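Comments concern the structure below.
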Amino acid sequence: MTKRERFQLFLENKPVDRVPVAFFHHFIPFGDFGKGLLDDAVFEKNIQGHRLARQLFDPDIAKIMNDSLFFMPLDVSFAEKASDLRKVEPVSMQSPFVRRSLELTKRVREIYDGPDAPPVFITSCSPTFVLRNSLSVNGMPNVGGDETRIKGFVEEDPEALSVAVQSLAQGIAEFNRLLITEAGVDGIYLSVNNQAGFFREDVFRTCIAPHEKAVLDSANRLSRMNLLHICGMAGRANDLSLFTDFQAAAYNWAVHAEGVSLAEGKKLFGGKAVFGGFQQTGPIYQGSREELEQAAWTILEESGQLGIGLGADCTVPADIDDVRLAWVQEAAAKYANR
């Protein structure tokens, strides 16, 4: 069974020779995130990281980690009051960021070419993440950044937030179109979140969700295999019910942050394909081979093997030995052949 055949059957909830394995990690230090636009060494290191990793692990599903171009540039220097958010404009498709992103995507895409090439996805950050990151001070959203400003804006004028998110969503949707049609990825891996209820439920449902769903819907018109990653980490959980009407081919969430197993989540998302189950650290990162195998088998015992993939709550540590990911593939094959 080829990787693409296995993945398609996984999406269709049909039997596979073994469940697919989908683990991802970054390739450059966090301090270098976003520096690839101006620093060629960082840009090249980002690409080379994929090449070196594939020598150790031949993935069932590949995700291009655009670490060196992680932060979509957005000028919000003019935003002094909430109403100013109505002036937010999406990134231009002629910008250096977009052209550089297309170059990175095409070059990494080639690394995964071959007679049994896996489906390849590109990380797509939600418009809300782009806005929050641009308005955050001294750090990323949920990673030490001061988000006092955006919280004040939301309380002052939530409709202005909606206008900004909609504008950004239109730009991101067009960017994704180029990544799929011009750079040749199979689909997007859209990362969304409302960790720890950052936005009130009513604000999220009315001012954010419609526009983030529009990003996914736009990609769905180009590809039938777009994935939704509901990013929860370090105990900051999401209310998964906020995302059940996001139309993706398969879903991933932080099983251990949300406390929702793959089996439970599969029901929540209408029986569609789901993947994950492992913590980011723990057995996958530092357990013995036997412990890792047992962890994989425990997940499969509970969830079954139809429409199930093994992966992690979010990215695993960047310094992980990629051979360990191959061990999960072997554990999945051993479980299937019992």
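Computed from a predicted model, the values in this text were never measured in an experiment. Numbers here simply count residues along the sequence, with the first being 1.
- With respect to the salt-bridge test (charged N to carboxylate O, under 4.0 angstrom), the residues E159 and R86 do not qualify.
- Remark: D186 engages R4 in a salt bridge, criterion side-chain N to carboxylate O under 4.0 Å.
- The residues E155 and R200 are annotated as salt-bridged, a charged nitrogen and a carboxylate oxygen being separated by less than 4.0 angstrom.
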Open item on the list: Show, in sequence, the C-alpha distance, side-chain angles and deciding distance for F204 and F198, and conclude whether the side chain to side chain contact (heavy atoms under 4.5 Å, CB included) test is met.
Closed with: CA-CA 9 Å; F204 187 87; F198 182 85; over 6 Å; no

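- Side-chain atoms of N220 and K213 include no donor-acceptor pair closer than 3.5 Å.
- Comment: D217 does not engage R221 in a salt bridge, judged by the lack of any side-chain N to carboxylate O separation of less than 4.0 angstrom.
- A distance of 8.5 Å separates NE2 of H50 from NE2 of H25, quoted to the nearest 0.5 Å.
- No chain of hydrophobic side-chain contacts below 4.5 Å, direct or via other Ile, Leu, Val, Met, Phe, Trp or Tyr residues, connects F43 to I28.
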- [ ] Applying side chain to side chain contact (heavy atoms under 4.5 Å, CB included), run through L168 and L131 and close with a yes or a no.
- [x] CA-CA 8 Å; L168 292 174; L131 182 63; 3.8 Å; yes

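- Side-chain N or O atoms of N194 include none that pairs as donor or acceptor with a backbone N or O of N238 at under 3.5 Å.
- Electrostatic pairing of E44 and R107 counts as a salt bridge here, judged by a charged N lying under 4.0 Å from a carboxylate O.
- Between R99 and E103 no salt bridge is recorded (no basic side-chain N to carboxylate O distance below 4.0 Å).
- The shortest distance between side-chain heavy atoms of I230 and N252 does not fall below 4.5 Å.
- Between the side chain of N13 and the backbone N or O of G271, at least one donor-acceptor pair lies under 3.5 Å.
- Proximity of the aromatic rings of F278 and H256 is defined here by a centroid distance below 6.0 angstrom, and this criterion is not met.
- The CG atom of L216 sits 5.5 Å away from atom CG of L190, with the distance rounded to the nearest 0.5 Å.
- Under the 4.5 Å side-chain heavy-atom criterion for grouping Ile, Leu, Val, Met, Phe, Trp and Tyr, I172 is connected to F243 within one hydrophobic cluster.
- Listed for the R109 side chain is a donor-acceptor partner under 3.5 Å among the backbone atoms of G184.
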Open item on the list: Please evaluate residues V154 and R149 with respect to the criterion side chain to side chain contact (heavy atoms under 4.5 Å, CB included), reporting the C-alpha separation (whole Å), side-chain torsions for both, the decisive distance (0.1 Å), and the verdict.
Closed with: CA-CA 9 Å; V154 172; R149 183 159 56 149; over 6 Å; no

- [ ] Give the intermediate values and the outcome of side chain to side chain contact (heavy atoms under 4.5 Å, CB included) for residues I308 and L262.
- [x] CA-CA 8 Å; I308 296 293; L262 289 187; 4.1 Å; yes

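- Here K3 does not pair with D60 in a salt bridge; the nearest charged N to carboxylate O distance is not below 4.0 Å.
- Put simply, the side chain of D67 never gets that close to the backbone of F33: no donor and acceptor are under 3.5 Å apart.
- Residues satisfying the ring-ring contact (aromatic ring centres under 6.0 Å, His included) test with F269, not counting sequence neighbours, are Y251, W253.
- Residues F199 and L240 are members of one and the same hydrophobic cluster, defined by side-chain heavy-atom contacts under 4.5 angstrom among Ile, Leu, Val, Met, Phe, Trp and Tyr.
- Under the 4.5 Å side-chain criterion, counting only non-hydrogen atoms from C-beta, L161 is in contact with I208.
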Task: Derivation of the ring-ring contact (aromatic ring centres under 6.0 Å, His included) call for Y112 and F121 - done: CA-CA 11 Å; Y112 295 104; F121 295 86; over 10 Å; no

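- Within a 6.0 Å sphere centred on CG of N138, other residues, nucleotides and ligands contribute 12 heavy atoms or fewer.
- Between the side chain of K272 and the backbone N or O of K266 there is no donor-acceptor pair closer than 3.5 Å.
- D75 and K87 are not joined by a salt bridge, as no carboxylate oxygen comes within less than 4.0 angstrom of a charged side-chain nitrogen.
- Note that OG1 of T244 is 6.0 Å distant from CG of L268, once rounded to the nearest 0.5 Å.
- Checking side-chain atoms of E291 against main-chain N and O of S288 turns up a donor-acceptor pair under 3.5 Å.
- There is a path of hydrophobic side-chain contacts, each under 4.5 Å, that joins L56 to W327.
- For the residue pair Q279 and D313, no side-chain donor N or O sits within less than 3.5 Å of a side-chain acceptor on the partner.
- Using cut-offs of 30° and 60° on the angle between ring planes, the pair F70 and F129 is perpendicular.
- Using a 4.5 Å cut-off between side-chain heavy atoms of Ile, Leu, Val, Met, Phe, Trp and Tyr, with links allowed through other members, L325 and V120 fall into the same hydrophobic cluster.
- No side-chain donor from either of Q286 and T281 sits under 3.5 Å from a side-chain acceptor of the other.
- Using a 4.0 Å cut-off between charged nitrogen and carboxylate oxygen, E293 and K334 count as a salt-bridge pair.
- Between the OG1 atom of T128 and the CG atom of N133 there is a distance of 12.0 Å, given to the nearest 0.5 Å.
- Side chains of Q294 and E290: a donor-acceptor N/O pair is absent below 3.5 angstrom, by distance only.
- Tested against S68, the residues V42, L37, D32 include a single side chain to side chain contact (heavy atoms under 4.5 Å, CB included) partner, V42.
- Aromatic pair F23/F275: ring centres not closer than 6.0 Å.
- Remark: R324 is not positioned above the aromatic ring of F57, lacking an NZ or CZ atom under 6.0 angstrom from the ring centre and at most 45 degrees off the axis.
- For the pair Q329 (side chain) and D58 (backbone), a donor-acceptor distance under 3.5 Å is present.
- A donor-acceptor contact closer than 3.5 angstrom links the side chains of N176 and S124.
- To the nearest 0.5 Å, atom CD1 of residue I111 and atom CZ of residue R51 are 4.0 Å apart.
- Atoms CG and OG, on D157 and S83 in that order, are 6.5 Å from each other to the nearest 0.5 Å.
- Under a 3.5 Å cut-off, the side chain of S218 and the backbone N or O of V215 do not form any donor-acceptor pair.
- A side-chain donor from one of K63 and T123 sits under 3.5 Å from a side-chain acceptor of the other.
- Residues R338 and E301 are paired through a salt bridge, judged by an N-O separation under 4.0 Å between the basic side chain and the carboxylate.
- E89 CD: 12 or fewer foreign heavy atoms inside a 6.0 Å radius.
- At a threshold of 4.0 Å, the pair K151-D146 does not count as salt-bridged, since none of the basic side-chain nitrogens sits closer than that to a carboxylate oxygen.
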Open item on the list: Would E174 and Q170 count as a side-chain hydrogen bond (donor to acceptor under 3.5 Å, both in side chains) here? Give the steps.
Closed with: CA-CA 6 Å; E174 177 62 13; Q170 291 169 347; over 6 Å; no

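- Judged purely by distance below 3.5 Å, without hydrogens or angles, the side chains of D319 and Y285 pair a donor atom with an acceptor atom.
- The residues E201 and R205 are annotated as salt-bridged, a charged nitrogen and a carboxylate oxygen being separated by less than 4.0 angstrom.
- At distances below 3.5 Å, not a single donor-acceptor pair connects side-chain atoms of R18 with backbone N or O atoms of A331.
- The shortest side-chain heavy-atom distance between Q166 and P90 does not fall under the 4.5 Å cut-off.
- Of the N and O atoms on the side chains of S261 and E302, at least one donor lies less than 3.5 Å from an acceptor on the other residue.
- Of the charged side-chain nitrogens involved, at least one lies within less than 4.0 Å of a carboxylate oxygen, so that D84 and K81 count as a salt-bridged pair.
- Under a 3.5 Å cut-off, the side chain of Q8 and the backbone N or O of E5 do not form any donor-acceptor pair.
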